[in-house]
Structure formats: C-alpha cells, structure tokens
There are 2 protein chains.
Amino acid sequence: MHKDRDKPSFTISEVSEMTELSADTLRYYEKIGLLTSPQRGAGMQRMYTSEDIGRIRFLTYLKRTHMPLKKIQQYVNYYELHEEAQCFVLLDEHRQDIERQLKELEATHQLIQFKLAHFQEIKDGKSKESYE
Amino acid sequence: MHKDRDKPSFTISEVSEMTELSADTLRYYEKIGLLTSPQRGAGMQRMYTSEDIGRIRFLTYLKRTHMPLKKIQQYVNYYELHEEAQCFVLLDEHRQDIERQLKELEATHQLIQFKLAHFQEIKDGKSKESYE
DNA sequence: TTAAAGGCTGGAGTATGCTCTAAGTCAAGT
DNA sequence: ACTTGACTTAGAGCATACTCCAGCCTTTAA
C-alpha cells in the first residue's frame, strides 16, 4: 500500500489478497465492465482506492448469491448513469431470487438432515437392511 | 403413462414435464452416471418407473442447492455400492455448504434490503443527492 | 547494468452444465 | 404403403465464468 499524503491506494495483488479474487479475475471483471477502471500509476499499474475496493466487495456479495455477471454489469451501468429506478428493479429482482434460493436451501437442508439421520442409523446398526 | 397390470411407467417426455428437466438433460444425466439407466420398452424407448422419478427429484434438490454434478455422481456411485459411510460424508459436506450458502444469502439479503430502501428514498425525493 | 519482481495486454484454453443437430428406428393411424 | 411423431444415438456447439500464457514494460535492489 502506498500513501504519501494522497488517498491510500493499492496494487492489484494487494486487492487480490484483500478480496480473495485473483488478479486475473479483477482484470477480467474490469474488461467486462463490472468494475470501473481504476487510476493508473507508474508504468500503467492499476492503483485501486478504498472506494474501488468497496465496490468490489459489494459485487462479490451479489456474485456469491448467484447474480449472473451480466446482470451485475447492467446494474453497474445503471448505477453509473444514476438511473436509480432501474437499479431498484434489478436489485429487487435479485432480492426475490435470494428469497427463492433461501426456500430451496431450507427445504434441501431438512431433507439432508433426514437422510443423514438415516445413514447414521445404518452406521449404528439400528437398521441393517432398509434402503429407500 | 402406461399401466397394463405392471408397475406404471413413463416416457422421457412425461418425465421431462414432471421434473421440469428437458429430455436432453435427462439423457445427459444418465450418460454421466447421475441416473441409472431405466428399463427400455418397444424400440429402445426409456421407460421410467416412479422410483426413477423419485431419484430424479432427489437429485434436483441437490442440484438446485449447487452441489456439483461430479459430487452428485460420486454420491450416486457410493449409494449403488451401499457404501453408506461415504454417502454420509458427501451429504454432510453438502449440508455444511448449504449452511454457508444460507449465511451468505442472509447477509446479502439484508444488504440489498438496505440498498433498496436507499433507492426508494431517492425515488420519493427524500434525498436528492446522496450516492454512496 | 543487470536481473528479478511485479504488472501490462490480447487472446487462447478450460470446466461446468447443458442444448442442439443429424441421421436413423419404430409404431400407430389413414 | 406411407406418413407422422416420438423416440434413439453420437457428437458438436454454446453460455458462463474464469484461468492461463506469451511477450513485453517498468521499477528496484545488488
């Protein structure tokens, strides 16, 4: 990290470590428009600000909940154009999708607990010959 | 569906409709070993039993909660070999993964609710110029 | 001054999970 | 007899999301 009386800035490998995204992935996200190009330093090196990192963090929240990169891209686009109504729509759709995912995860979680109990019984020898 | 005093059996297109998987996907799952080959009828047509459909349903629970097909394949393999201990391990790993996913979804759900409220305020004109 | 470390670009390659196509078989209805 | 429609196969193609590579440039330390 580089400081000298300006805003702190970070190299790609520092950001990579902080965000757990590879440098390649960070460059890829920039290429496809998920991240705005950061400032460049000596020799064209990317210099990320804390704000850039905040955006990356938000983006990874969306990504980890399976928002497709194309949709994140649209969101970023609208955000940049200050089209809040569109941003709202996209985020609200994703909220609904998250709620659907929660339901599926909960249902499957139950089912798996049930199956695990079943295998546990077999392990304990409580039911020698009962396969479903 | 076909009945004539035997067990009921279903064609691939019937199963496709019931499970919301395309016929191509069903054949693909069979090819990679996620599904055991069903009985064949006249002209080599697949004849799925209710039990087959039960397996497909279980498999889609796993798939919808992001268990990789390779891992489902391993599970099916161990299941067929009656290696319950291995089945247990794989399912328990997936249970942990589901719990991780639930946490991430819940965190992101909160974050999005917050952002949505923010966009709502902008829409209502309550905060004209505040971008984060 | 030179060599190692780290970054740059464009583009090719990979993994996953389907999805589609071509060419053929079979059974039933007209 | 012949057409229609649903099925079969092997294999090619596609979308998504990376991941890696070659070849080059700059900075820094020895």
Side-chain angles (χ1 to χ4, degrees), chain A residues 1-4 9-49 52-53 56 59-76 90 94 97 101 104, chain B residues 1-4 9-49 52 56 59-76 94 97 101 104:
Chain A
M1 173 174 152
H2 187 253
K3 212 161 184 168
D4 71 347
S9 71
F10 307 86
T11 66
I12 200 163
S13 57
E14 285 165 340
V15 176
S16 171
E17 232 187 278
M18 284 188 270
T19 60
E20 294 174 80
L21 296 174
S22 73
D24 274 321
T25 300
L26 288 168
R27 280 187 289 253
Y28 170 68
Y29 283 177
E30 190 183 322
K31 185 154 67 180
I32 65 169
L34 258 62
L35 298 174
T36 53
S37 305
Q39 292 288 115
R40 296 304 182 105
M44 290 299 279
Q45 278 190 41
R46 288 170 179 78
M47 306 296 276
Y48 295 87
T49 65
D52 289 327
I53 294 160
I56 294 167
L59 181 155
T60 62
Y61 271 104
L62 299 180
K63 197 191 46 141
R64 290 208 205 116
T65 54
H66 310 103
M67 183 155 166
L69 298 192
K70 276 205 181 148
K71 204 161 177 177
I72 299 179
Q73 202 186 92
Q74 282 174 50
Y75 176 82
V76 169
L90 291 176
H94 189 54
D97 191 62
Q101 289 183 61
E104 287 185 350
Chain B
M1 172 175 156
H2 186 252
K3 211 158 185 170
D4 72 347
S9 70
F10 307 88
T11 65
I12 199 164
S13 56
E14 285 166 339
V15 176
S16 169
E17 232 188 279
M18 286 188 269
T19 60
E20 292 174 82
L21 296 174
S22 74
D24 276 320
T25 300
L26 288 168
R27 281 187 289 252
Y28 170 68
Y29 284 177
E30 191 183 322
K31 184 157 66 181
I32 64 169
L34 258 64
L35 299 174
T36 52
S37 305
Q39 292 288 113
R40 296 305 181 105
M44 290 297 278
Q45 278 190 42
R46 289 169 179 79
M47 304 299 274
Y48 294 87
T49 66
D52 289 328
I56 295 167
L59 180 156
T60 62
Y61 271 103
L62 299 181
K63 196 191 48 138
R64 290 209 204 114
T65 53
H66 310 104
M67 184 153 165
L69 298 192
K70 276 205 180 146
K71 203 160 179 179
I72 299 178
Q73 201 186 94
Q74 282 176 52
Y75 176 82
V76 169
H94 188 54
D97 191 62
Q101 288 182 62
E104 286 185 352

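Naming convention: chains lettered A, B, ... in sequence-line order (proteins, then strands); numbering from 1 in each chain.
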Quiz item: Just to confirm, is there a sub-4.0 Å distance from OP1 or OP2 of D:dT8 to any side-chain nitrogen or oxygen of B:Arg27?
Solution: yes
Quiz item: Between A:Arg46 and C:dG7, is there a side-chain N or O to OP1/OP2 distance below 4.0 Å?
Solution: no
Practice problem: Starting from P on C:dG10, measure out to CD1 on A:Ile32 and report it in whole angstrom. | Solution: 15 Å
Quiz prompt | For atom CG of A:Leu34 and atom C1' of D:dC18, their distance in whole Å | solution = 12 Å
Quiz item: Can you name the residues that form a salt bridge (charged side-chain N to carboxylate O under 4.0 Å, His left out) with B:Glu30, not counting sequence neighbours?
Solution: B:Arg40, B:Arg46
Quiz item: Quick one: CG on A:Leu59 to CD1 on A:Ile72, what's the gap to the nearest 0.5 Å?
Solution: 5.0 Å
Quiz item: Listed by chain and number, what are the side chain to side chain donor-acceptor pair (under 3.5 Å) partners of B:Thr49, not counting sequence neighbours?
Solution: B:Asp52
Short heteroatom pairs, N/O only, protein and nucleotides 26-30 of chain D, under 3.5 Å:
none

Practice problem: Round to the nearest Å and state the distance from B:Glu17 atom CD to D:dC7 atom P. | Solution: 11 Å
Practice problem: List in chain and number order the residues that pass side-chain contact (heavy atoms from CB on, under 4.5 Å) with B:Lys70, two or more places apart in sequence or in another chain; answer none if no residue qualifies. | Solution: none
Quiz prompt | Proximity to the side chain of B:Ser13 - top-ranked nucleotide from D:dA6, C:dG7, D:dT9 | solution = D:dA6
Practice problem: Using atom CE of B:Met47 as one end and atom P of D:dA6 as the other, report the distance to the nearest whole Å. | Solution: 16 Å
Quiz item: Quick one: A:Glu30 CD to C:dG7 P, roughly how many Å, whole number?
Solution: 14 Å
Quiz item: So, is B:Arg40 near the phosphate of D:dT9, with a side-chain N or O under 4.0 Å from OP1 or OP2?
Solution: yes
Exercise. Give, for atom CE of B:Met47 and atom CD of B:Gln39, the distance between the pair rounded to the nearest 0.5 Å.
Key: 9.5 Å
Quiz prompt | Nearest atoms (heavy-atom pairs only) where A:Ser16 meets A:Ala23 | solution = OG-N, 3.7 Å
Practice problem: Mind calculating the distance between CG (A:Leu26) and C1' (C:dC8) to the nearest angstrom? | Solution: 14 Å
Practice problem: Rounded to the nearest angstrom, tell me the gap between atom CD1 in A:Ile12 and atom C1' in D:dT19. | Solution: 14 Å
Quiz item: Quick one: which of D:dC7, C:dC8, D:dT9 gets closest to the side chain of B:Thr11?
Solution: D:dC7
Quiz item: Quick one: CD on A:Gln74 to CG on A:Leu34, what's the gap to the nearest 0.5 Å?
Solution: 11.0 Å
Self-check item: From A:Met18 atom CE to A:Ile53 atom CD1, the distance as rounded to the nearest 0.5 Å
Solution: 3.5 Å
Exercise. Could you pull out all residues at least two apart from B:Tyr28 that satisfy side-chain contact (heavy atoms from CB on, under 4.5 Å)?
Key: B:Ile32, B:Leu69
Self-check item: B/S/- contact track for nucleotides 14-22 of chain C, protein heavy atom under 4.0 Å
Solution: --SBBBB--
